[in-house]
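Notes for the one structure printed next.
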Protein chains: 2
Amino acid sequence: MSLTHIQSFVAVAEEGHVGRAARRLHLTQPPLSRHILALEDELGTPLFERTARGMRLLPAGEAFLHHARRILAEVDAAVHTVRGVTSGH
Amino acid sequence: MSLTHIQSFVAVAEEGHVGRAARRLHLTQPPLSRHILALEDELGTPLFERTARGMRLLPAGEAFLHHARRILAEVDAAVHTVRGVTSGH
DNA sequence: GCTAATTACGTCGCTCGTAACTATC
DNA sequence: GATAGTTACGAGCGACGTAATTAGC
């Protein structure tokens, strides 16, 4: 599991489409698709349903999405906090 | 920034010593030292004070530590939640 | 046959470990 | 000179992108 994979997951969840998410992340489809597959493999369960139009979240994916967003937000907060301490009040 | 770097940071913070943290992580000192340097470089500020006996947290490091622990805990929670959803509540 | 995702495959970059170096006591 | 951290460097692994493939409409 890596932060990159988590960011990829959130992008695909929000776009519902690997191609669009890839453009948003400045990446091509294959690596992004592999991120999702790796995540699903690691978690031991699919996170998306593959349809002809794209990717739709499964319940496991919905559950993961909430955590994924919190993780990314927490990382952001960590960076800002350190910068705040440093450039210090 | 990667989860590996964050795990490395927490281990060094807790051990106060790169060598011991490396053993705990089943790693050698150099890569672990590089993880910390990379993190400090990315955050734009040192997180530890280097002493003759090891590494002591600076205020910026203390601040980062709280977030780091929360990030890792959140990742754990994400995994367990997905497993819970899957293996059916 | 179009659109979308995935797999194959070669290349480049990253990260490891060993060894050498630097610094502090 | 011992202990601790860092830098040099070569090797192996991993992740990218292009191209080819598979699947559903």
Side-chain angles (χ1 to χ4, degrees), chain A residues 1-62 64-65 68 71-72 75 79 82, chain B residues 1-62 64-65 68 71-72 75 79 82:
Chain A
M1 172 119 47
S2 76
L3 291 175
T4 302
H5 288 173
I6 295 171
Q7 286 165 332
S8 293
F9 167 78
V10 172
V12 172
E14 288 176 357
E15 298 288 346
H17 194 281
V18 174
R20 273 194 298 274
R23 275 192 295 276
R24 170 170 146 190
L25 296 171
H26 307 105
L27 211 68
T28 57
Q29 290 90 336
L32 184 47
S33 177
R34 285 189 293 254
H35 293 179
I36 304 301
L37 291 168
L39 212 46
E40 292 177 322
D41 181 63
E42 187 172 355
L43 292 171
T45 185
L47 299 172
F48 292 99
E49 182 192 352
R50 275 75 172 169
T51 77
R53 301 250 217 64
M55 314 274 278
R56 182 184 309 137
L57 278 175
L58 293 171
E62 295 272 14
F64 190 72
L65 180 57
I71 292 165
L72 298 180
V75 169
V79 172
V82 168
Chain B
M1 172 119 47
S2 75
L3 291 175
T4 302
H5 288 173
I6 294 172
Q7 286 166 331
S8 295
F9 167 79
V10 171
V12 172
E14 287 176 358
E15 299 287 345
H17 195 281
V18 174
R20 273 193 298 274
R23 275 193 294 277
R24 170 170 146 189
L25 296 170
H26 306 105
L27 211 67
T28 57
Q29 289 90 334
L32 184 46
S33 176
R34 285 188 295 253
H35 293 178
I36 305 301
L37 292 168
L39 211 45
E40 293 177 323
D41 182 63
E42 187 172 357
L43 292 171
T45 186
L47 299 172
F48 292 99
E49 182 193 351
R50 275 74 173 169
T51 77
R53 301 249 218 65
M55 313 274 278
R56 183 184 308 136
L57 278 175
L58 292 172
E62 295 272 14
F64 190 71
L65 181 57
I71 292 164
L72 298 180
V75 169
V79 172
V82 168

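Chain naming here is simple, since letters A, B, ... match the order of the sequence lines and numbering starts at 1 in each.
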- Task: Tell me, please, which residues at least two apart from Glu40(B) pass side-chain contact (heavy atoms from CB on, under 4.5 Å).
- Result: Ile36(B), Leu37(B), Pro46(B), Leu47(B), Phe48(B), Arg50(B)
- Give me the one residue out of Met55(A), Gln7(A), Arg20(A), His17(A) that meets side-chain contact (heavy atoms from CB on, under 4.5 Å) with Val12(A). Met55(A)
- By side-chain contact (heavy atoms from CB on, under 4.5 Å) - contacts of Arg56(A) (at least two apart): Glu49(A), Thr51(A)
- Query: CG of Leu37(B) versus C1' of dA4(D): gap in Å, rounded?
  - Reply: 13 Å
- Message: Tell me every residue that passes side-chain contact (heavy atoms from CB on, under 4.5 Å) with Leu25(A), counting only those two or more places apart in sequence or in another chain.
- Response: Ser8(A), Ala11(A), Leu27(A), Leu32(A)
- Message: My validator wants the stems of DNA chain D: runs of 3 or more consecutive Watson-Crick or G-U pairs, both distances under 3.5 Å, written as range with range.
- Response: C:1-25 with D:1-25
- Item | Under-4.0 Å salt bridge between Glu15(B) and Arg23(B) | no
- Side-chain N,O (Ser33(B)) to OP1/OP2 (dT6(D)) below 4.0 Å: yes
- Message: From CE of Met1(A) over to P of dG14(D), roughly how many Å is that when rounded to an integer?
- Response: 17 Å
- In whole angstrom, what separates His17(A)'s NE2 from dT3(C)'s P? 10 Å
- Query: His35(B) vs His5(B) aromatic rings, parallel, tilted or perpendicular, using cut-offs 30° and 60°?
  - Reply: tilted
- At what distance, to the nearest 0.5 angstrom, does CG of Leu72(B) lie from CD1 of Ile71(A)? 9.5 Å
- Between CD of Glu49(A) and C1' of dT6(C) the distance, given in whole Å, is 17 Å
- Message: Rounded to whole Å, please give me the gap between CZ in Arg53(B) and P in dT3(D).
- Response: 14 Å
- Message: I need a per-nucleotide contact map over nucleotides 15-25 of chain C, read 5' to 3'. Cutoff is protein heavy atoms under 4.0 Å; write B for the base, S for backbone only, - otherwise.
- Response: -BBBB----SS
- Item | For atom CG of Leu39(A) and atom C1' of dA5(C), their distance in whole Å | 17 Å
- Tell me: CG of Asp41(A) to C1' of dG14(D), nearest whole Å? 15 Å
- Item | For Glu62(B), all residues meeting side-chain contact (heavy atoms from CB on, under 4.5 Å), sequence neighbours excluded | Leu57(B)
- Message: Whole angstroms only, please: what is the CZ-P distance between Arg20(B) and dT3(D)?
- Response: 13 Å
- Query: Ignoring hydrogens and geometry, is there a side-chain-to-backbone donor-acceptor pair from Gln29(B) to Val18(B) under 3.5 Å?
  - Reply: no
- Taking only N and O in the side chain of Arg50(A), is any of them less than 4.0 Å away from OP1 or OP2 of dG24(D)? no
